Each structure stands twice: as structure tokens, then as C-alpha cells.
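Working notes, structure below.
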Amino acid sequence: MSDPIRFYYQGQIQQVSNAAPTRTLLQHLREDLHCTGTKEGCAEGDCGACTVVVGEMKHGQLELQSVNSCIQFLPTLDGKAVFTVEDLQQKNGELHPVQQALVECHGSQCGFCTPGFAMSLWSLYLKKEGDNVPPCRKEIDETLSGNLCRCTGYRPIIDAAKRMGELPAAEFDRAAVISGLQSLQRGEMFSYTADDQTFYAPRTLQQLAEVREANPKATILAGSTDVGLWVTKQMRELGNIIYVREVDELKHIKTVDDMLEIGAAVSLNDAYGAVCQHYPDELTEMWQRFASQPIRNTGTLGGSVANGSPIGDSAPWMIALGAEIVLHSVRGQRVLLLESFYLDYMKKDMQPGEFVAAVRIPLPKVGQQFRTYKLAKRYDQDISAVCAAFAISLDGDIVRDAHIAFGGMAATSRRAPLAEAALNGQAWNEATVKNAMALLAQDYTPLTDMRASNTYRMQTAQNLLRRFWLETRIDAPLKLQAINVFAPVAVTA
């Protein structure tokens with residue numbers, strides 16, 4: 001017998017029993033609960049009109065994060081709390097400081113996107129609660145990276161983000177939410193069936209392996225940031241679904257043999273946060289530009305790697321560093337180099353019953369130079385036209401172990417063997433780099449599509465290799481401010 005979906009909403013426990021497993025939270029809010037403050041815009045997690053805040057218990061604490069309700073399947077909310085713009089109204093009927101600030105700063109015109117902005121700002125408001133330090137511009141920009149506005153522009157909304165903390169504070173009853181969530185926690189695997197489709201949420205790695213073995217054609221789901229679009233845009237039937245985000249063994253971040261191992265259920269934000277502790281200068285910008293805050297809150301690094309998009313932003317830098325992927329099944333564990341995992345367009349080296357359990361990322365090595373670059377039409381929340389990653393080890397001025405990887409240049413993210421061979425054993429100078437740049441035209445045959453022409457892709461790929469050399473050359477390497485318009489202005493005495 002199927003368990004009902006249970007989640008905390010508007011101070012009560014909501015139970016859902018007859019909704020299809022692929023029914024989205026947005027559809028449930030608007031069509032079933034008739035809470036229409038949350039809007040539908042793109043239905044693919046891009047515009048932010050549907051933004052809500054989801055709370056869950058982690059390590060005994062309440063964690064609140066903004067998410068896109070348009071691509072979150074209802075069963076993934078089991079055991080969690082959901083907050084929408086309707087929750088912002090105060091008990092005395094007054095507006096929340098977030099809403100009042102938007103009014104005072106003229107941050108709403110047509111108003112369609114405003115509920116999403118309000119919820120993103122509310123997540124920031126709660127994050128800064130008791131901090132007594134107003135949010136900085138960087139925090140505001142990152143918070144709003146998943147919300148699009150075409151009416152007022154962003155200045156009045158950014159003004160509202162600064163203003164909201166200056167207004168009389170609004171209380172948030174965390175204790176009530178924690179109490180509600182504690183009553184919802186399950187000790188066993190959650191299984192929900194409706195419309196001849198079953199949603200499995202195993203709690204242990206063994207359960208996950210057994211369910212996967214019994215359902216080899218089931219869709220494995222992590223953050224819904226890609227799979228959600230299969231339903232909302234492609235109208236695909238997913239069959240049974242296996243949800244991995246409740247498996248404790250897949251939530252770890254640990255060091256194994258000089259490699260950082262990140263479980264497949266770790267969110268993109270947490271994964272990039274851990275990696276950037278080791279590669280702060282090399283990967284922080286990629287972290288900020290990888291989709292939007294709500295997408296990074298729900299998507300996972302393991303899911304991104306498993307889906308294997310040819311234009312994914314994580315695979316190139318992981319391949320350049322020599323990352324490994326850990327596959328698991330009832331038959332045990334298998335470890336592959338990530339570059340060997342991708343066979344062809346959307347084809348991976350996965351055996352029946354296997355799933356991605358973790359990725360392993362090598363830690364920095366002495367003498368290694370590493371960079372990754374993303375070219376896209378927008379700085380925030382845009383799909384790459386070209387994504388490049390370069391890693392070399394220098395023995396004096398001689399290149400050793402060159403790794404070059406690109407996304408957007410082929411059917412998969414992959415290395416450039418001819419260009420690498422032209423670098424290895426050679427002096428790290430302009431002549432060597434120019435030779436390797438020319439050979440990229442033999443390593444790749446890029447396509448022309450809506451994001452870029454093949455000519456643009458090839459020229460920029462070659463130029464990015466040159467940029468890498470300019471940043472890392474032995475004599476007078478260029479500083480960040482000389483090559484990146486978004487770099488902080490250098491302060492001189």
C-alpha cells in the first residue's frame with residue numbers, strides 16, 4: 001500500500017495521495033491548494049517566478065533554501081517544509097519587511113515576477129537574521145541570480161535587498177517548523193504509487209542498489225534540475241523513479257587517497273563549496289556561474305556528471321584534473337576515470353543496475369597550474385557556448401602531464417590529445433602554445449547551433465588556451481585584473 005506524501009505547509013501537515021509522482025510542486029500549489037501567489041513563467045527553472053523556499057532538517061538544524069517549484073516533483077518534498085509568498089504576510093496583516101522594501105523601493109511593476117523575488121530575498125533575510133550586518137552586493141547578486149526581471153530592471157530590487165534589513169524585524173518561528181518536521185521523519189524507505197507509477201526513496205546504499213537492480217529501467221532522480229524538464233518541456237513518461245537524495249551514504253564529502261570524494265546526493269552548492277576550499281582562485285567563478293542559486297541548491301554534482309551533457313560545466317575541469325567516478329550496484333563498486341565514462345553523445349559506460357555513487361577529485365599538486373573558463377552570452381545562469389579547462393605540471397619551464405578538456409566542442413566533454421602531445425616535454429612559451437592552439441582544430445570539430453557558430457567555438461577555444469598561458473607563463477604572468485572584466489579592482493597604496 002502506498003504511503004502518502006507528507007510535508008509541512010502553512011503551519012499544518014499536508015498529505016497527498018492521488019497526485020502523479022511527476023506532478024510538480026508548482027502545479028500542486030496553484031491547482032490543488034489554490035495558492036496562486038507563486039507564478040509559472042518558463043516551467044524549466046530559469047525565470048524564478050515560481051521560487052519558493054524549502055526547509056529540511058540537516059544535522060539537527062533547520063536548513064532553508066530557495067528552489068524552483070516548477071521542476072520539483074511532489075514526492076521529493078516528503079518530510080520537508082514548503083514556504084510560499086503567502087507565508088510572508090504577518091499575523092497583524094502587515095507586509096513582511098521584504099515585501100515592504102520592494103514597495104518602498106519601487107521594485108515591482110507588472111508584478112508577475114515579484115513573488116519569486118520576494119521569496120529569494122526572504123531566504124537571504126533569514127540567512128542574515130541576527131547578523132546585524134547588511135548583505136553585501138555580492139550576496140545580493142548571488143541570491144537574485146535565479147530571478148529575471150524585465151520591467152523595473154534590477155536597481156530598485158537591489159535597493160530593496162539593502163532596505164529590508166533596516167525595517168522593523170519580522171520573527172520566524174523556527175521551533176514550530178522544526179517540531180513539524182521532526183514528526184514527519186521516516187525511518188524506512190519511502191514508496192509512493194499513483195497512476196501505475198512508483199516513486200522510491202531508499203534510505204541506505206544497499207536499499208538503493210536493490211531497488212535499482214529490481215528496476216533497471218527506472219529513472220534515477222537527484223535534484224530534478226534536468227529530469228524535471230523531461231516532463232515539463234518534453235512531456236516524457238519517466239516510468240518508475242528512484243530518488244537518491246535520502247541515502248545517507250551518498251551525502252558525504254571526505255578525503256580518500258589525496259582525492260576529495262563527493263557523494264552523489266551532495267548538492268552543487270555544497271560540492272563546489274568543498275572543492276573551492278582547495279581551488280579557490282581556479283573554481284570560485286565557475287561556482288558562481290554554474291546555473292542559479294535555486295538550481296545549485298537542488299541539483300547535485302553526481303547528477304550533473306551522470307547526465308553527461310556535452311555542454312556541462314563541471315565535466316571539463318574534472319576531466320582536466322583527472323577525476324574519477326564511482327559506480328555502485330548489488331555486485332559491488334567500480335571506479336573509472338571520468339574521461340572514460342563518456343562513450344558518445346549521451347552514452348555512458350554503465351552496466352545494468354549501476355548508478356553513480358560518488359566522484360573523486362584530485363587535490364592540488366605542487367607545481368600544477370590549473371584554470372577553467374566559461375564562455376556564455378550572459379554572466380549568470382546561462383548555458384556555455386564553450387567551457388574550457390587546462391591543467392599542466394611545470395618542471396622548471398618544461399610542461400609535464402598536460403590535460404586539456406573542453407565542453408561544447410564535441411558530442412561529449414573530452415580531452416585534446418594532439419594539443420596535449422604538442423605541449424608535453426616542451427618549454428612553456430608562446431611558440432609552444434601557438435603550435436598547440438593550431439592542433440585544437442584537429443582535436444575537435446565543433447557544431448554550429450543557437451549558442452555559437454563552429455568558427456566562434458574554435459577561435460575562442462584556441463584563444464582560451466593562449467589566455468591560460470598568459471596567466472601562467474614563467475615571465476610576467478598577467479594578473480586577474482588584466483584579463484577578467486569581473487575581477488575586483490586592484491587596490492594600490
Side-chain angles (χ1 to χ4, degrees), residues 24-26 29-30 35-54 64-72 83-89 95-128 134-167 225 228-229 232-233 269 288-299 374 376-383 450-451 485-486:
T24 67
L25 173 59
L26 177 62
L29 290 171
R30 291 184 59 84
C35 293
T36 55
T38 308
K39 308 303 183 190
E40 179 175 14
C42 66
E44 58 185 43
D46 275 345
C47 74
C50 72
T51 305
V52 300
V53 171
V54 170
L64 296 158
Q65 295 183 321
S66 58
V67 307
N68 299 115
S69 62
C70 69
I71 53 175
Q72 289 298 307
F83 300 92
T84 66
V85 70
E86 284 88 354
D87 290 289
L88 266 58
Q89 182 175 334
L95 296 177
H96 189 278
V98 167
Q99 297 168 308
Q100 187 63 40
L102 284 166
V103 171
E104 293 182 7
C105 296
H106 308 287
S108 176
Q109 190 165 322
C110 82
F112 188 84
C113 68
T114 306
F117 274 99
M119 295 310 296
S120 289
L121 290 176
W122 186 63
S123 70
L124 178 60
Y125 184 89
L126 294 179
K127 180 180 178 181
K128 305 296 288 186
C136 66
R137 178 60 185 268
K138 181 176 178 292
E139 289 177 304
I140 295 170
D141 288 351
E142 289 184 3
T143 297
L144 300 180
S145 63
N147 298 89
L148 302 183
C149 175
R150 295 179 177 87
C151 293
T152 68
Y154 286 92
R155 184 196 54 78
I157 300 170
I158 291 169
D159 289 344
K162 298 174 181 177
R163 172 68 175 147
M164 63 186 185
E166 300 171 355
L167 298 171
T225 56
L229 275 64
T232 63
K233 292 300 181 180
N269 255 342
Q288 295 169 348
R289 298 186 65 192
F290 192 108
S292 65
Q293 189 81 273
I295 293 295
R296 296 197 304 267
N297 285 338
T298 52
K374 171 173 178 163
K377 293 180 179 179
R378 297 194 307 266
Y379 183 84
D380 287 311
Q381 196 187 356
D382 200 6
I383 297 174
M450 63 184 294
R451 295 185 187 92
V485 70
F486 297 103

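Quick caveat: nothing in here was measured; it's all calculated off a predicted structure.
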Identify the two heavy atoms, one from [X] and one from [Y], that lie closest to each other, and give their separation to 0.1 Å.
X: C151; Y: C110; result: SG-SG, 3.5 Å
X: S108; Y: T114; result: OG-OG1, 2.8 Å
X: K39; Y: L26; result: O-CD1, 3.8 Å
X: A118; Y: V98; result: O-CG1, 3.5 Å
X: Y154; Y: C149; result: OH-N, 3.2 Å
X: T143; Y: S120; result: CG2-O, 3.2 Å

Is it the case that the side chain of [X] and the backbone of [Y] share a donor-acceptor pair, with hydrogens and angles ignored and the cut-off at 3.5 Å?
X: K233; Y: E44; answer: no
X: R451; Y: A376; answer: no
X: T225; Y: I295; answer: no
X: Q381; Y: D46; answer: yes
X: D380; Y: S145; answer: no
X: S69; Y: C50; answer: yes
X: K374; Y: D382; answer: yes

Should [X] and [Y] count as side-chain neighbours, where that means a heavy-atom distance under 4.5 Å?
X: N147; Y: I157; value: no
X: Q72; Y: N68; value: no
X: W122; Y: Q99; value: no

Salt bridge R137-D141, side-chain N to carboxylate O under 4.0 Å: yes
Presence of salt bridge, E104 and R163, under 4.0 angstrom: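 Counted as a salt bridge, because a side-chain N and a carboxylate O are separated by less than 4.0 Å.
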Once you round to the nearest 0.5 Å, how far does [atom1] of [X] lie from [atom2] of [Y]?
X: R30; Y: T24; atom1: CZ; atom2: OG1; answer: 10.5 Å
X: L29; Y: T36; atom1: CG; atom2: OG1; answer: 10.0 Å
X: R289; Y: R378; atom1: CZ; atom2: CZ; answer: 10.5 Å
X: C105; Y: Q100; atom1: SG; atom2: CD; answer: 9.5 Å

Sort out for me which residue in V54, V53, L126 forms a side chain to side chain contact (heavy atoms under 4.5 Å, CB included) with F83.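 Filter result, single survivor: V53.
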Do N269 and Q293 have side-chain atoms, one donor and one acceptor, less than 3.5 Å apart? yes
Look at atom NZ of K127 and say whether more than 12 heavy atoms of other residues, nucleotides or ligands are closer to it than 6.0 Å. no
